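Single-structure report; data block below.
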Amino acid sequence: QHGRVKIKSTAQQEEEKRKEREKKLKIYVAARDACFSKRKEGIWDDEALQLTQQLLSSNPDFATLWNYRREILMHLETKDEVQKIYEGELSFLESCLKVNPKSYGSWHHRGWVSARLPRPDWARELTLCDRCLSLDDRNFHCWDYRRMVVKMSGVPVDQELEFTDRLIGSNFSNYSSWHYRSTLLPLLHPESPEPPTVSLTALVQNAFFTDPNDQSAWFYYRWLLGRGMSEMISCVYVSRDEERVAVAFSRPVNVSMFICDLPPGTISDITNEHNLTVHWTEKHTHRDCALYTGRTESYCRDSATDQELFRSELSVEKTSVLQSELQSCNQLQELEPLNKWCLLTIILLMRALDPLGYEKETLAHFQTLKEVDSMRSAYYSDLCSKFMIENTILKMEYAEVRVFSISEKNLTTLCHLDQLLLVTHISLSSNQLQRLPPQFAMLQCLEVLEADNNSIENLEGVYHLPKLEEVDLKNNSILKQISTLADLQPLASCPKLKRLDLRGNPVTQTANIESQLAELLPSVTDLLL
């Protein structure tokens with residue numbers, strides 16, 4: 001301990017301590033073996049209960065002994081005074097928690113005992129939780145137990161919310177309390193997906209104005225402003241030639257896009273009209289799409305407006321609330337111009353309010369973030385890429401075209417590819433992309449791909465694109481580290497591919513490259529090396 005003089009022990013003292021430890025260990029092992037022997041013989045008596053108590057008092061993390069103790073207690077339940085037995089067990093457990101307040105076995109056993117008590121004293125249990133959390137407000141074992149007690153005893157939600165207020169008031173950096181609030185608010189306001197009122201944001205604003213560098217309040221703030229995001233079927237695409245249906249969703253689900261090959265002959269007759277309905281049973285929603293006579297394809301989709309698809313975690317139901325929050329964050333940023341949490345939250349608020357209108361300010365804030373938090377610059381680059389893609393999709397929607405062009409934007413990653421289901425022409429030229437991800441296979445209508453002047457090393461995502469005809473991969477890094485054409489194999493699954501530009505790639509230095517590519521891609525008639 002600090003400030004205490006360290007006293008050196010003599011060899012004789014060390015020897016005495018060793019003998020004392022050996023003596024205790026011998027007693028412990030004898031008691032343990034006796035317990036194991038009794039359990040093996042099916043003995044559940046008071047002596048066995050005392051033995052387990054002796055052992056668990058010094059080592060409350062012995063799971064097997066807790067199991068044996070429960071067996072004994074259930075056997076003793078057949079006698080009278082069940083209430084007294086379990087009340088005594090609760091007192092014993094308090095002594096175990098003093099030995100180790102974060103003992104998995106002790107907290108689990110206490111929950112088991114409380115559930116079996118004929119007349120549980122829930123007020124006592126809540127008081128115990130208060131005491132434990134006052135010693136360590138991040139004891140997640142205690143938090144889990146408290147939630148069980150609250151549920152069993154029917155404590156009102158608003159009362160628990162006040163409890164979190166008290167803990168946060170004494171320590172703003174209490175992750176557990178902030179998280180608990182995020183589980184309580186939806187119970188208190190189950191039908192309120194809109195952003196919170198000023199009264200609900202006052203506590204968290206007080207927290208990050210007091211300590212802007214503490215991330216716990218910022219995480220909760222982002223959750224608080226982002227409640228109520230809905231999920232829906234955003235697009236259904238039907239192709240008569242491929243006899244295929246593709247479905248995209250507004251939010252990430254188990255599969256962000258679903259592709260279904262229909263049985264042969266289902267919609268191949270061009271002289272008939274076909275009406276298809278996609279049901280999403282989990283969300284109790286559906287989307288209809290009609291394939292009219294004489295048409296080879298059809299689609300039904302929602303417009304990708306900023307309110308429907310790209311809310312950047314934050315809801316837009318009440319612009320006035322978000323505008324007020326943005327003003328508060330801007331005030332804090334004037335005081336703390338290099339605070340990363342404040343900058344990131346400002347970006348998210350700007351995107352929720354007007355992603356296109358605030359695009360210039362957003363890019364400037366990202367540049368500042370990379371400078372003040374250089375260890376996470378790659379994360380900020382990816383997040384910035386995500387937002388630039390969202391903005392480009394919005395602009396494309398407003399222009400009502402099926403061409404997606406996002407060249408020279410320093411993109412480091414690709415996302416929202418499921419929202420490009422209907423795009424026929426994509427330009428990704430002059431960015432910093434290293435791969436075309438598997439989600440690229442969602443682009444079922446793609447005819448032309450321009451991805452020149454990047455750092456792409458493989459084409460894993462360019463797989464089974466039925467309409468792809470032209471691919472420009474000039475000045476990339478394809479076949480940089482291996483000596484086979486495996487990285488180009490996905491292109492072989494694109495039956496209509498006619499033009500391929502590989503100039504400026506390491507693959508062009510491979511021996512007999514032209515003949516190998518001719519064998520791998522027989523449909524390509526215009527090959528540039």
Side-chain angles (χ1 to χ4, degrees), residues 237 239-244 246 255 257 259-262 264 296-297 402-407 411-415 417-418 420-529:
Y237 170 75
S239 172
R240 192 188 299 273
D241 293 338
E242 280 78 38
E243 295 195 271
R244 174 176 297 167
V255 284
M257 179 172 172
I259 299 177
C260 176
D261 290 320
L262 301 174
T296 59
E297 66 175 12
R402 295 175 69 176
V403 176
F404 182 78
S405 180
I406 189 167
S407 302
L411 296 187
T412 56
T413 187
L414 292 175
C415 59
L417 294 173
D418 52 303
L420 304 179
L421 176 58
L422 304 177
V423 166
T424 60
H425 189 137
I426 288 184
S427 177
L428 305 170
S429 304
S430 303
N431 284 296
Q432 300 175 28
L433 300 172
Q434 296 183 0
R435 60 195 289 262
L436 299 177
Q439 294 82 359
F440 215 82
M442 299 174 179
L443 308 177
Q444 293 291 294
C445 297
L446 186 62
E447 298 174 2
V448 178
L449 167 61
E450 297 177 3
D452 54 288
N453 295 296
N454 280 280
S455 300
I456 298 170
E457 297 183 1
N458 65 71
L459 305 174
E460 59 179 325
V462 189
Y463 178 77
H464 201 61
L465 300 178
K467 299 186 177 183
L468 186 62
E469 297 181 2
E470 299 182 20
V471 176
D472 184 353
L473 295 169
K474 182 171 56 181
N475 298 328
N476 276 284
S477 302
I478 297 173
L479 212 68
K480 183 177 181 179
Q481 299 178 341
I482 63 174
S483 57
T484 68
L485 297 182
D487 285 345
L488 294 174
Q489 185 66 40
L491 292 175
S493 65
C494 303
K496 294 187 178 180
L497 184 61
K498 296 289 188 290
R499 186 177 188 276
L500 176 61
D501 189 344
L502 291 173
R503 289 176 294 175
N505 282 275
V507 67
T508 58
Q509 306 302 315
T510 305
N512 303 317
I513 180 62
E514 192 166 354
S515 60
Q516 291 186 61
L517 286 176
E519 182 180 352
L520 178 66
L521 307 170
S523 65
V524 175
T525 56
D526 187 3
L527 178 63
L528 301 176
L529 297 172

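What you see is a predicted model, and the numbers here were worked out from it, not measured in a lab.
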Just by modelled atom types, is the Ile406 backbone N or O under 3.5 Å from a matching donor or acceptor in the Asn431 side chain? yes

Please walk me through it: do Leu428 and Leu436 pass side chain to side chain contact (heavy atoms under 4.5 Å, CB included)? CA-CA 10 Å; Leu428 305 170; Leu436 299 177; 4.3 Å; yes

Short question: side chain of Asn458, backbone of Glu460 - any donor-acceptor pair under 3.5 Å? yes

Arg499 side chain to Asp526 main-chain N or O, any donor-acceptor pair under 3.5 Å? no

Apply the test side chain to side chain contact (heavy atoms under 4.5 Å, CB included) to residues Leu502 and Ile513: give CA-CA distance (whole Å), side-chain angles for both, the deciding distance (0.1 Å), then the verdict. CA-CA 11 Å; Leu502 291 173; Ile513 180 62; 6.0 Å; no

When rounded to the nearest 0.5 angstrom, what is the spacing between CG in Asn454 and CD1 in Ile478? 10.0 Å

Using the rule given for side chain to side chain contact (heavy atoms under 4.5 Å, CB included), can you reason through Val524 versus Leu517, listing the C-alpha separation, both sets of side-chain angles and the distance that settles it, and then say yes or no? CA-CA 9 Å; Val524 175; Leu517 286 176; over 6 Å; no

Spacing of CG belonging to Leu497 relative to CD belonging to Glu470, to within rounding of 0.5 Å: 9.0 Å

Output, in order, the C-alpha distance, side-chain angles, deciding distance and verdict of side chain to side chain contact (heavy atoms under 4.5 Å, CB included) for Glu297 and Gln444. CA-CA 11 Å; Glu297 66 175 12; Gln444 293 291 294; over 6 Å; no

Looking at Glu514, I'd like to know if its CD atom is crowded, meaning that more than 12 non-hydrogen atoms belonging to other residues, nucleotides or ligands lie closer than 6.0 Å. no

Note, Leu443 side chain near Val423 side chain (heavy atom, < 4.5 Å): no

To the nearest 0.5 Å, what is the distance between CG on Leu468 and OG1 on Thr424? 11.5 Å

How many angstroms lie between atom CG of Leu520 and atom CD of Gln489, to the nearest 0.5 angstrom? 5.0 Å

Residue pair Tyr463 / Ala441: nearest heavy atoms and the distance that separates them: O-CB, 3.6 Å

Please give me the minimum heavy-atom distance between Pro495 and Pro466, naming the atom from each residue. CG-O, 4.1 Å

side-chain contact (heavy atoms from CB on, under 4.5 Å) partners for Asp261, two or more places apart: Arg244

Return yes if some donor-acceptor pair links the side-chain N/O of Asn476 with the main-chain N/O of Asn505 below 3.5 Å, else return no. no

Any side-chain heavy-atom pair of Leu521 and Leu488 under 4.5 Å: no

Spacing of CD1 belonging to Ile259 relative to CG belonging to Leu421, to within rounding of 0.5 Å: 8.0 Å

All heavy atoms of Leu422 vs all of Tyr237, minimum pair found to be CD2-CD1, 3.6 Å

Gap separating the CG atom of Leu414 from the CG atom of Leu433, nearest 0.5 angstrom: 4.5 Å

Is the closest side-chain heavy-atom distance between Pro437 and Leu417 below 4.5 Å? yes

Which heavy atom in Cys445 sits nearest to a heavy atom in Arg402, and how many Å separate them? SG-NH2, 3.5 Å

Is Thr508 reaching over with its side chain to a backbone N or O of Arg503, donor-acceptor style, under 3.5 angstrom? no

Would you mind writing out the side-chain donor-acceptor pairs for residues 446-453 within the sub-3.5 Å range, not counting sequence neighbours?
from, atom 1, to, atom 2, distance (Å)
Glu450, OE1, Ser427, OG, 3.3
Glu450, OE2, His425, NE2, 3.2
Asp452, OD1, Ser429, OG, 2.6
Asn453, OD1, Asn475, ND2, 3.0

